[in-house]
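Worksheet: the structure to be examined is printed underneath.
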Number of protein chains: 2
Amino acid sequence: MDTLDGLKTVVAVVETNSFTAASDRLGISKALVSKYVGEVENQLGIRLFNRTTRQLALTDSGRRYYEEAIILLEQFSAMVDNVTGEQTAPRGLLRISAPVTFGEMRLAPLLPKFIALYPDLTIELVLTNGAIDMLEEGIDVRLRIGGVDDSNMIARHLTNFPLVLSASPNYAKQHGLPTTPEQLGEHHCIIDSNFRIGKQWPFISPKGRAETINVQSGLAVNSPQAAREVAIADGGIAMTPNFIVADALADGRLLRVVPEYTTLEFGLFAIYPHRKYVAKKVRCFIDFVLDQFSK
Amino acid sequence: MDTLDGLKTVVAVVETNSFTAASDRLGISKALVSKYVGEVENQLGIRLFNRTTRQLALTDSGRRYYEEAIILLEQFSAMVDNVTGEQTAPRGLLRISAPVTFGEMRLAPLLPKFIALYPDLTIELVLTNGAIDMLEEGIDVRLRIGGVDDSNMIARHLTNFPLVLSASPNYAKQHGLPTTPEQLGEHHCIIDSNFRIGKQWPFISPKGRAETINVQSGLAVNSPQAAREVAIADGGIAMTPNFIVADALADGRLLRVVPEYTTLEFGLFAIYPHRKYVAKKVRCFIDFVLDQFSK
DNA sequence: ATTATTGTCAATGTAGTGTTGACAATGAGA
DNA sequence: TCTCATTGTCAACACTACATTGACAATAAT
């Protein structure tokens, strides 16, 4: 066993609270995780975990070991980065998390470019709209709508995405289209339940006056992609991020609704751990998405 | 190759400026030293050393690597010590340096007791009266007469050794013995060239008056042990540390000369690197010799 | 009560290990 | 200038360790 592999294995078990999950994270068999943890314990002459077949508890020594191990591993990575400087490209596995639709439509298409820039990196893209425990899942950097209120994390603002309203031409023919947000009350509206606004849709008039409209909705879905498909299928007026419907607006499958009014803008943030040393691979990725999204 | 073994190997090569000396220090073949250094360089993608068959030069990257590697290795050791706490005894190799005679007569006899206290330690005792480069020779702690004026080192005072004058009964019968230091000028004196005083022997009278006597000498030797043997063999009056001749004084082979007068006292110091973290094995040894020499 | 899952263990085919001896290159000494 | 000794590197090799796989006892979930 490599000494640092032993450290990493213990760290993974602590953070995932599971030998099995640790083996998944590390890409080794769970038998090897078990073996490595045992070897570290033997070398130190102490128990790091108390465990039965289905329970795992960290000992005090294990807690101390973990706290110092993560510092050591970080410093080892920092040393390698400092020593190699600009001479070498970032390498290893970079685990990125992003919201599903954004990841599919905006981030995934960019990744070949990123990989071309850094061929020694391996990317693992984890798309989810649910909550994420970055530590437990070993996520290096997470793109998300909105920042986080966590002092252990840095929230780096990348860009803003405006929300827009749209409906199909056929819906327009059948129901007409509202000329002011107030008229939305008489229309079928499609709710994206990922957003907290629900049925209270906020607007700013061309004159700058803010107002909130209660809309009717027979459909709520936690996927902007699905919301767009419903709108295209004459299902009503959808409020989605601009980029979701950009192509459908361009080719006429959807029409803008009350385009002179603006509604919300959501900020896109990169979230990563607040540490003295930020791994080169993380820094390179953040620089890349900053560059890509600032165009 | 274990990652930390790679670090240690590079550190040993830097500190000894030699693959061969590094292999001696580490107890592995020089081929393996060469292989490990090569593996570290491959993993980093940089050169640490520029080398021909007979020349070795550290690159800038190598210098940075070395500086960070020693910190990492120290912190790893500190982590192990901190995590295991008092649960485990110190282990590994402890390299101690001491002056030859002192080492033979006073330190070596104590080491079985130390080893009995800490059976997981391996001791390497390096006896020399010459200058020592602790870094190059990988010495953990050095006992020496007198401190050092080096801000990178700690000089921990252990005890004082007084110098005493002695001669054999047969010499006394043949030449008489001086009753004051002034009379030493008429006697054969044996010079220990380890001391800087040479032929200018300093004394303090019973009344506290300091004086320096020019003595005659037909013999100088850089071994207090040899000086004592010459004195026992009727060769003259020797000035040696008390402990050198304690047994011969006790059993009558040597007689004290001008015992009412005092001369120099030399301080015995433990010298070890000034670091935030002092290895447990070094701390245990220093505590041990403090305890042994304060009796 | 049954099923699924966890962490551990031993068997196993496979890969890597570290030493040895040889070598080219170079510095020291005569 | 020639010879010898030493250094760092390389490849061969017998040996050892490796990490996975499958099985298992124990336990939680259904």
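Order of the sequence lines sets the chain letters (A, B, ...), proteins ahead of strands, with each chain counted from 1. A quick note: this is a predicted structure, and the numbers were derived from the prediction, not measured.
- For Ser34(B) and dT9(D), the shortest distance from a side-chain N or O to OP1 or OP2 is below 4.0 Å.
- The terminal axes of the helix from dA1(C)-dT30(D) to dA30(C)-dT1(D), fitted over 5 pairs per end, subtend an angle of 30° to the nearest 10°.
- For the pair Gln55(B) and dT26(C), the criterion of a side-chain N or O lying under 4.0 Å from OP1 or OP2 is not met.
- The interatomic distance linking Leu56(A) (CG) with dA28(D) (P) rounds to 13 Å, in whole Å.
- Residues passing the ring pair (Phe, Tyr, Trp, His ring centres under 6.0 Å) test with Phe269(B), sequence neighbours excluded: His157(B).
- The aromatic rings of Phe19(B) and Phe49(B) lie perpendicular to each other, with more than 60° between the two planes, well past the 30° mark.
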**Request:** Step by step, work out the salt bridge (charged side-chain N to carboxylate O under 4.0 Å, His left out) result for Lys8(A) and Glu74(A).
**Result:** CA-CA 11 Å; Lys8(A) 288 171 186 167; Glu74(A) 182 178 337; over 6 Å; no
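- If you take CG of Leu48(B) and C1' of dT9(D), they are 16 Å apart, rounded to a whole angstrom.
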**Asked** Passes salt bridge (charged side-chain N to carboxylate O under 4.0 Å, His left out), Lys281(A) versus Glu124(A)? Steps please.
**Response** CA-CA 13 Å; Lys281(A) 62 188 181 184; Glu124(A) 186 171 340; over 6 Å; no
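- Shown here for Ala69(B) and Leu7(B), the closest heavy-atom pair between the two residues is CB-CD2, 3.7 Å.
- Residues Tyr65(B) and Val40(B) approach most closely at OH-CG1, 3.5 Å, considering heavy atoms.
- Within the structure, side-chain hydrogen bond (donor to acceptor under 3.5 Å, both in side chains) contacts touching residues 17-36 of chain A (residues at least two apart or in different chains) are Glu15(A)-Arg25(A).
- If you take CG of Asn50(B) and P of dG8(D), they are 14 Å apart, rounded to a whole angstrom.
- Considering only residues two or more places apart in sequence or on other chains, Asp120(A) meets the side-chain hydrogen bond (donor to acceptor under 3.5 Å, both in side chains) condition with none of them.
- Heavy atoms from other residues, nucleotides or ligands lying under 6.0 Å from CZ of Arg156(B) number 12 at most.
- Residue Arg51(A) places no side-chain N or O under 4.0 Å from the OP1 or OP2 atom of dA26(D).
- Looking at residues 15-25 of chain B, you'll see Ser18(B), Phe19(B), Thr20(B) sit with a heavy atom under 4.0 Å from some atom of DNA chain D.
- When all heavy atoms of Arg47(B) and Ser61(B) are compared, the closest pair comes out as O-CB, 4.0 Å.
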**Item:** Sugar-phosphate or base contact per nucleotide [nucleotides 16-21 of chain C; S, B, -; heavy atom under 4.0 Å]
**Value:** -SBBB-
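- Across Pro273(B) and Asp140(B), no two heavy atoms sit closer than the pair CD-O, 3.6 Å.
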